[in-house]
Number of protein chains: 2
Amino acid sequence: MLKRQITLKDIAKELDVSISTVSKALKNSDEISRDTKEKVQAFAKLYNYKPNNIAISLKNKRTKNIGVIVPDIVHYFFTTVVRGIENFANEKGYNVIVCLSNESFDKEVINMEMLANGSIDGFIMSLSAGTEKNNDFNHLREVTDQGIPLVLFDRVTNEIECDKVVIDDTLGAYLATKKLLEEGRKKIALLTTEDFFSVSRNRNLGYKKALEDFGMELNPDHVLKLPYMDIDEERISSFLKRVSPDGVLSANEIFGIYGMRVLQKLGFEVPKDVSVIGFTDGLLAKHANPPVTAVAQHGEKMGELAAKMLIERVENDYDVPNYQTKILEPTLIERDSTNN
Amino acid sequence: MLKRQITLKDIAKELDVSISTVSKALKNSDEISRDTKEKVQAFAKLYNYKPNNIAISLKNKRTKNIGVIVPDIVHYFFTTVVRGIENFANEKGYNVIVCLSNESFDKEVINMEMLANGSIDGFIMSLSAGTEKNNDFNHLREVTDQGIPLVLFDRVTNEIECDKVVIDDTLGAYLATKKLLEEGRKKIALLTTEDFFSVSRNRNLGYKKALEDFGMELNPDHVLKLPYMDIDEERISSFLKRVSPDGVLSANEIFGIYGMRVLQKLGFEVPKDVSVIGFTDGLLAKHANPPVTAVAQHGEKMGELAAKMLIERVENDYDVPNYQTKILEPTLIERDSTNN
DNA sequence: TTGTAGGCGTTATCAG
DNA sequence: CTGATAACGCCTACAA
């Protein structure tokens, strides 16, 4: 069934020359006579010769593969980051191996180990919820100790020294909260996740800071911290019912969208009675009714940057690491869920 | 910088035994004495020996990698298929290399060639818009001619003989249209894409069939066929304004969501004045206001099935191909954008 | 201008 | 029980 791909050896035998002659001829080396080169190249094209990547990888100790491990691929943000990585990497001749940790520590570890045995030249990843919760980064350390380049994005940790790309989450939340405050909102609810998520921690901080800058103090009763990014319908709706906010900031796309619908069902008009802003400028925000003002995280750019940083590491064997953390600026995209 | 991973050779030298002894010892071969095995295994663990996958791939002519080429990763459906593939493949010890064709014929070809040189054991893919439009499948044929297993899903073609997984798009559209008709809707608009998309062709067919079964005939004025899956705000809104439908069927998630908002802005109430049903039971449909009744395509299952079929081919070298086309049943998920 | 030989890391066969 | 050898497909320094 599997018609074996033709190899240098096959060509050599067929044309009655040596393997190295064939190899050189195909590379247009000028060690080889025009005659021989033409003969070999013609034959190779005729039989559709393609060098075997695996053999080349073994020889070069370079696979031209990048391993990407992300918590999931359903949420818009990760999706766009993956797209950014893909774009840049393909441009540079790299393939992208995508693995989903599914927010699970165990699966993240398994995936890393699966890829760390020579399958890839480097990793780009965002920590799973499980990993952030466990606060266990040994699998990352093993990888970096082996000298495999690693770039963390979005959900990062100080425990590991490596290149990183994040957005300024604190600033993003600050800008959003400020916007609500400037609209005159007094009771701003925060829908977020627990502080063990590095991004949530920072977003929660930005929220607090903005309140303080406007002479208000954070009321814990106005904050709902859920353990995961999944919607807990019960808790979100009872929270909003209780708080009855005139402004909502959501630390992710999905809580905000869901929260807005809950409020609408309770009779609130958006943005007349309550303004809503959410993190992630995704399809949900864009197509909600009304469209939701959002903090754009520039995922695609983030992915490109991460890929760029990684490939740079892979291709240049610096002996002084000099790790960088790039911080992108979030942008507030104003839509109809807030006043303007 | 890059601390070379330890190899069999290193262990052999260090322990003063032969490479093959080490290899066997690590495999717990009973050709080797208990003593030697223990010594070798201890040493290997201590120095964190991991067999080099690339070398193994070269030897076995099996990479344990699956190449997945999809048009994009932003739309919910493809996202879920990729997740299904990932799940099943990882379970079986395979990595998934994801490439995005970005709906472009050229990029699809480039990606295939990139992977077809030994990097993967088989392909799972869904045709790009460009490919369906060009009607050019030579890159697929080259791959299958080489004996590389290929599974097509969703956007497939009869031109290529290989395993396929699809849903019954005609039935899906039929069920949706029937639902609208049974509600008493008389003027059902169809938002769809051009017929060169295999899926659209079938969905358009199902729409027509349902109308006919209810004694109505298709009115071309009630159908808007756009060239791509991107929202053309201008055309969609002027179309809906003109038609002023009491029912809308959308052949994808995004047109339906957008169309519903257009109608709402025009003063239509959903579902009082107009019912809306869209293909793809995704986040947009689920979180729209009101939530949209949708044709579920069971992407995750589709992905798992595709992966299963592919891995079966990869691992068993059938000499009679006996290609299969699996057809999944779509499900109508009823929500508040239709009456019940 | 062409060919030989060795190596990338692993495994399998066969000899000792 | 252990080891030498060849092979997977390619590349390259060196020899002829």
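Within every chain, numbering begins at 1; the chains are lettered A, B, ... in the order of the sequence lines, protein sequences first and strands thereafter.
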Could you list the residues that satisfy side-chain contact (heavy atoms from CB on, under 4.5 Å) with B:Asn52, not counting sequence neighbours? B:Ile54, B:Ala55

Listed by chain and number, what are the salt bridge (Lys or Arg N to Asp or Glu O under 4.0 Å) partners of A:Lys24, not counting sequence neighbours? A:Glu31

Which two nucleotides bound the region of DNA chain D that has atoms under 4.0 Å from heavy atoms of chain B, read 5' to 3'? D:dC1 to D:dG9

Quick one: list whatever passes salt bridge (Lys or Arg N to Asp or Glu O under 4.0 Å) with A:Lys308, sequence neighbours left out. none

Set of side-chain contact (heavy atoms from CB on, under 4.5 Å) partners for B:Lys39, sequence neighbours left out: B:Leu15

Those residues that, when tested against B:Thr157, pass side-chain contact (heavy atoms from CB on, under 4.5 Å) (two or more places apart): B:Leu127, B:Phe137, B:Leu152, B:Glu159, B:Ile160

Short N/O separations, protein against nucleotides 14-16 of chain C, under 3.5 angstrom:
none

Going by the rule side-chain contact (heavy atoms from CB on, under 4.5 Å), which residues pair with A:Glu142 if we only count those two or more places apart in sequence or in a different chain? B:Asn48, B:Lys50

Output a table of donor-acceptor pairs, distance under 3.5 Å, between side-chain atoms of residues 116-126 of chain A and any protein atom two or more places apart or on a different chain; print 'none' if there are none.
{"unit_1": "A:Asn117", "atom_1": "ND2", "unit_2": "A:Glu113", "atom_2": "O", "d": "3.3"}
{"unit_1": "A:Ser119", "atom_1": "OG", "unit_2": "B:Asn53", "atom_2": "ND2", "d": "3.2"}
{"unit_1": "A:Asp121", "atom_1": "OD1", "unit_2": "A:Thr63", "atom_2": "N", "d": "2.7"}
{"unit_1": "A:Asp121", "atom_1": "OD1", "unit_2": "A:Thr63", "atom_2": "OG1", "d": "3.0"}
{"unit_1": "A:Asp121", "atom_1": "OD2", "unit_2": "A:Thr63", "atom_2": "N", "d": "3.2"}
{"unit_1": "A:Asp121", "atom_1": "OD2", "unit_2": "A:Lys64", "atom_2": "N", "d": "2.7"}
{"unit_1": "A:Ser126", "atom_1": "OG", "unit_2": "A:Phe153", "atom_2": "O", "d": "3.0"}
{"unit_1": "A:Ser126", "atom_1": "OG", "unit_2": "A:Arg155", "atom_2": "N", "d": "3.3"}

Sorted by chain and number, sequence neighbours left out, side-chain hydrogen bond (donor to acceptor under 3.5 Å, both in side chains) with B:Glu300 holds for B:Arg83

Five-pair end axes of the helix from C:dT1-D:dA16 to C:dG16-D:dC1 and the angle they enclose, rounded to 10°: 60°

DNA chain D-proximal residues of residues 56-64 of chain A, any heavy atom under 4.0 Å: A:Ile56, A:Lys59

